[in-house]
Amino acid sequence: MTNMTPMPQSLVKRALGGHAAIGLLVSAMLYLIALSGTIVVIHDRWQRWEQPAIAESGAVLSPAAAQAAMTAAVALDKGKPPTTHLYIRMPTDDLPRAVVTTDHAAWYVDGAGRVVGREGHAWTEFLIELHEYLHLPMTWGMIVVGALGVALAALVVTGVLAHPRIVRDAFSLRARHDPQVARADWHNRLGVWTLPFALAVALTGAFIGLGSVGFSMLARAYTGGDMEAVYAPIFGTEPTPNAAPAPLPNVAAALTAVATRVPEASPIYVIVHDPRTAGQHVQILAEHPRRLVYGESYQFGEDGTWHGPVGIAGGTLGQQSAGSAYNLHFGNYGGLVVELAYMLLGLALCAITATGTTLWLTKRQRRGLPSARMSACWTIVVWGTPLAIIGAAWLRGLAGPDAPLVAAFWGVLAVALIVAAARPAWVVAARLRDATFVATIVTGLGHAIVLRPDVGAVLALDAGLVAFGLFALMAPRWFVRPVTEARTGRVDDQVLRGSPTS
């Protein structure tokens, strides 16, 4: 009897198997992160949209006004435990409002540094936290999200290896073919077109999310657990604390020094460490034009004495690389054009994630494996998530900034998933899709009618919501072939890998 040695799987089949396994495991969380990340690209503009009635300070806050704002915020904290850090967010073109934040509250201030209202952009913060750590405890959540960044990078690489003709067929799109073929083509073509973007956001997301783990391991190995010593080569050192009482520092002098010494820099944050103590010091974070780094950090004594830059913008390659990851990940460079490009690419990444799992579920069903419940749950993830996000925005508008947005969001999703698992026939993808885009239109119109914003940028967001909702409602008629006209027949695995049918 001859011993037959089985042929090893081809690289393509192994890569396809790995691609499917990884995708099934992480697709739901990746979709949540991709969708929330797409929205928060313009988080500054959403913050303005969320509180349209706040008086704006303009794009510049003078050094004297910054000093007054700090004093006003500290006065409002009277009777509370001393704040360890005080932040003055300087106004920008995207958000022409100055914000002063202590450990206890955050306040908008006008051009003279007077408090004009409470900062209450709870919905925007809810989305940022969903994207950055999935509302888990921050450290663990960032580890999970960082690991998902690694998984996304693996999906990109295995996806390319599993589809050997993916680049050659990049512009062969059969959008009005059989629904399964069309879905596979959209998945593969969008995967090619967004390949550089997907790799960039995956790797930078992994770096940001897992960075704390790496720094913690370095601290344990080399500095006896001292995290500040590990961070110091990149972000600078902290002066020795001294809790003795002292007057508030002179941030006006520090801002004046930046304007004099580094006129090309634009301050975006003033940070006072340990205010009203003898160990306090001032840090000014400033953007530099035509640089990818998030900014340079300039250090000052309590009297505004110049201590110099940390070196993020002009230091070592490691410092500049670390300082560039955040902007590269979130698209915080190049203004509105780059932000819109990131949002379009982010929507494409959402579509890739959604269609990838849908294709896998369809293949499973075609092979005789029951998948109605899984398909219904996946439909809830794809269309229930944006509906729940829109619902959170309405809850914020009706109940105020202290509304339990996180609990409401996850509660609605959990109930919807339970219903989908118990009664999958109740879940109809087309109806949920239409409900999502109708809700988007109603949100834009309702915001404009009820709140009556008088700022062009806010009205533009309302118009954008309406236009996007209308386009998305009409798109299936333009790009999807009606089922009655679609060709019938078996769609084999080769089609799902993007090869044309014979």
Side-chain angles (χ1 to χ4, degrees), residues 16-35 148 151 155 159 162 174-188 190-191 349-391 409-439 472-473 475-476 479-498:
L16 185 61
H19 183 69
I22 297 172
L24 179 63
L25 180 64
V26 303
S27 54
M29 288 187 290
L30 276 176
Y31 182 80
L32 285 171
I33 294 170
L35 180 61
L148 288 170
L155 281 168
R174 295 161 292 182
R176 294 180 63 83
H177 205 283
D178 177 277
Q180 184 74 342
V181 176
R183 188 178 292 116
D185 269 17
W186 276 115
H187 178 81
N188 295 329
L190 289 175
L349 189 56
C350 293
I352 293 167
T353 307
T355 54
T357 301
T358 302
L359 287 167
W360 182 85
L361 290 169
T362 304
K363 284 178 62 179
R364 178 185 173 89
Q365 187 172 12
R366 194 174 66 247
R367 292 170 178 171
L369 299 173
S371 59
R373 286 182 170 82
M374 286 195 298
S375 295
C377 289
W378 181 245
T379 299
I380 291 296
V381 170
V382 172
W383 297 114
T385 299
L387 269 175
I389 288 174
I390 294 171
F409 171 80
W410 290 106
V412 166
L413 270 188
V415 170
L417 287 170
I418 291 171
V419 171
R423 294 288 187 271
W426 293 2
V427 180
V428 181
R431 292 177 183 173
L432 278 175
R433 181 192 63 221
D434 289 348
T436 297
F437 298 128
V438 168
L473 280 175
F479 298 113
V480 178
R481 187 175 183 178
V483 175
T484 55
E485 299 179 14
R487 295 188 306 175
T488 60
R490 180 177 178 274
V491 183
D492 60 19
D493 292 347
Q494 193 68 15
V495 169
L496 297 183
R497 290 200 294 268

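Positions are given from 1, in the same order as the sequence printed here. All values below were derived from every heavy atom in this structure, side-chain atoms included, with hydrogens, water molecules and symmetry-related copies excluded.
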Residues forming a side-chain contact (heavy atoms from CB on, under 4.5 Å) with I390, sequence neighbours excluded: W394, A439, T440, T443
Test item: I380 and V419 side chains (from C-beta on) under 4.5 Å apart, heavy atoms: no
Indicate every side-chain donor-acceptor pair of residues 426-437 with a distance under 3.5 Å to a residue at least two apart or in another chain.
unit_1 : atom_1 : unit_2 : atom_2 : d
T436   : OG1    : W383   : O      : 3.3
T436   : OG1    : L432   : O      : 2.9

Y31 side, atom OH; L148 side, atom CG - distance, nearest 0.5 Å: 15.5 Å
Reported CD1-to-CG distance for the pair I389 and L32, which is rounded to 0.5 angstrom: 7.5 Å
Over all atoms of both residues, closest heavy-atom pair of T353 and W378: O-CZ2, 3.6 Å
For A34 against C350, the heavy-atom pair lying closest together: C-SG, 3.7 Å
Set of residues satisfying side-chain contact (heavy atoms from CB on, under 4.5 Å) with respect to I352, sequence neighbours excluded: H187, L190, T194
Exercise: identify the closest heavy-atom pair between A422 and R373: O-NH2, 4.4 Å
Any L155 side-chain heavy atom under 4.5 Å of L30 side chain: yes
Min side-chain heavy-atom separation W360-M374 under 4.5 Å: yes
